[in-house]
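Letters A, B, ... are given to chains in the order of the sequence lines, protein chains preceding strands, and every chain is numbered from 1.
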Amino acid sequence: GQQVMQIPQYQHVQEGEDFTTYCNSSTTLSNIQWYKQRPGGHPVFLIQLVKSGEVKKQKRLTFQFGEAKKNSSLHITATQTTDVGTYFCGLWAGGYQKVTFGTGTKLQVIP
Amino acid sequence: NAGVTQTPKFQVLKTGQSMTLQCAQDMNHEYMSWYRQDPGMGLRLIHYSVGAGITDQGEVPNGYNVSRSTTEDFPLRLLSAAPSQTSVYFCASTLGQNTEAFFGQGTRLTVV
């Protein structure tokens, strides 16, 4: 079935630095979702991308879907301590009956 | 509107014991799923359901059973707990295909 690889697994940044996490697939994706999980919390939906080359922004977060729809990225500009958490990409698979997730990128922001 | 409610929040079991993790949603969502989260492994799908009376296996179904007798409830049963089932379990629901998943608060299970 469709799977995505997510990199890096961990990232430590100084507060104010930028951060990017990537999801890569060997097959064409129909869509991709991004979620954030705060420490000790549950995943919370951020956004869904559907179109080739799509770029969406939420304040300091920029989400991109690759032209070939095989990869996606989440970029955070000028990280803050509130950005700490694990970021997951997810996709609808199995004939759109289930959501599967990448392994996540754990972001630590050093004040 | 409570969203997705999971109980209990914490549980300790002895090897061989059985238990049921409860999941209920009040959003009239058709799709529900169970995931387990282990360090470095992300969220792995255990079982899922696309409607009442319909369930299917995910990536890691062994040792778990589910049923979906109503739209609202999707309990996960551990038949005979093993230490390898120590994990954080999340229930999620979605309105339908290609929509966002809403997660419960999670159940932290330890099997000793």
Side-chain angles (χ1 to χ4, degrees), chain A residues 1-11 21-25 29-51 54 56 58 63 65 69 74 85-108, chain B residues 2-7 9-10 21 23 25 27 29-61 66 68 74 87-108:
Chain A
Q2 286 185 316
Q3 288 186 328
V4 286
M5 298 300 295
Q6 193 169 353
I7 53 170
Q9 190 172 3
Y10 299 99
Q11 185 81 57
T21 175
Y22 301 89
C23 277
N24 299 307
S25 170
L29 304 172
S30 57
N31 62 76
I32 197 155
Q33 298 179 335
W34 286 93
Y35 292 77
K36 176 183 178 180
Q37 182 181 24
R38 295 183 187 274
H42 59 281
V44 175
F45 175 84
L46 294 175
I47 209 158
Q48 176 165 288
L49 305 173
V50 178
K51 299 176 183 176
E54 190 170 15
K56 288 187 176 180
Q58 290 179 351
F63 305 85
F65 205 4
K69 299 181 74 173
L74 158 58
T86 302
Y87 293 84
F88 292 97
C89 58
L91 65 140
W92 278 87
Y96 304 111
Q97 293 190 341
K98 56 187 177 181
V99 181
T100 58
F101 290 89
T103 49
T105 296
K106 188 172 183 178
L107 172 64
Q108 186 63 256
Chain B
V4 180
T5 303
Q6 284 184 240
T7 55
K9 288 188 169 52
F10 301 93
L21 307 185
C23 177
Q25 53 91 10
M27 298 175 283
H29 284 179
E30 284 297 316
Y31 290 48
M32 297 185 75
S33 303
W34 276 101
Y35 298 87
R36 61 176 288 174
Q37 184 173 32
D38 304 291
M41 302 292 288
L43 294 159
R44 292 186 292 170
L45 183 64
I46 305 172
H47 286 285
Y48 64 100
S49 168
V50 298
I54 306 169
T55 64
D56 207 344
Q57 296 180 350
E59 303 171 65
V60 289
V66 291
R68 185 99 180 268
F74 191 42
S87 188
V88 180
Y89 292 84
F90 288 102
C91 177
S93 73
T94 60
L95 179 61
Q97 295 175 352
N98 294 325
T99 57
E100 68 178 276
F102 291 82
F103 284 81
Q105 299 293 319
T107 296
R108 296 183 180 273

> Which residue out of B/S49, B/A92, B/G96 racks up the most heavy-atom pairs below 4.5 Å with chain A?
Replying inline: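 Highest number of pairs under 4.5 Å: B/G96.
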
>> Given heavy-atom pairs under 4.5 angstrom as the criterion, report whether the side chain, backbone, both or neither of A/Q6 touches chain B.
In response: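 When you check distances to chain B, no heavy atom of A/Q6 falls under 4.5 Å.
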
>> Counting only heavy atoms not in A/Y22 (residues, nucleotides, ligands), do more than 12 fall under 6.0 Å from its OH?
In response: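 Open.
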
>> I'd like to know whether NZ of A/K69 has more than 12 heavy-atom contacts from other residues, nucleotides or ligands below 6.0 angstrom.
In response: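 Yes, because the 6.0 Å sphere around NZ of A/K69 holds more than 12 heavy atoms from other groups.
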
>> Heavy-atom cut-off 4.5 Å, strictly under: side chain, backbone, both or neither for B/R44 against chain A?
In response: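 Neither; nothing under 4.5 Å.
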
> Side chain, backbone, both or neither: which part of B/Y31 has an atom under 4.5 Å from a heavy atom of chain A?
Replying inline: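 It is the side chain, since no backbone atom gets that close.
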
> Hey, is the main chain of B/V50 close enough, under 3.5 Å, to the side chain of A/Q97 for a donor-acceptor pair?
Replying inline: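 Side chain of A/Q97 to backbone of B/V50: no pair is present.
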
> Would you find a donor on one side and an acceptor on the other, under 3.5 Å apart, between the side chain of A/Q33 and the backbone of B/N98?
Replying inline: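 It does not hold such a pair.
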
>> I'd like to check B/Q37 versus A/F101 (side-chain heavy atoms, cut-off strictly below 4.5 Å). Are they in contact?
In response: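 B/Q37 vs A/F101: side chains apart.
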
> Is any side-chain heavy atom of A/Y35 closer than 4.5 Å to a side-chain heavy atom of B/L43?
Replying inline: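 No, every pair of side-chain atoms sits at 4.5 Å or beyond.
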
> In Å and rounded to the nearest 0.5 Å, what is the CD to CD1 distance from B/E100 to A/I47?
Replying inline: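 So the CD of B/E100 and the CD1 of A/I47 are separated by 11.0 Å.
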
Shortest non-hydrogen contact from [X] toward [Y]:
X	Y	answer
A/W92	B/T94	CH2-OG1, 3.4 Å
A/V99	B/Y35	O-OH, 2.5 Å
B/F90	A/P43	CE2-CD, 4.1 Å

> So A/H42 and B/Q6, side-chain contact (heavy atoms from CB on, under 4.5 Å) or not? Walk me through it.
Replying inline: CA-CA 11 Å; A/H42 59 281; B/Q6 284 184 240; over 6 Å; no

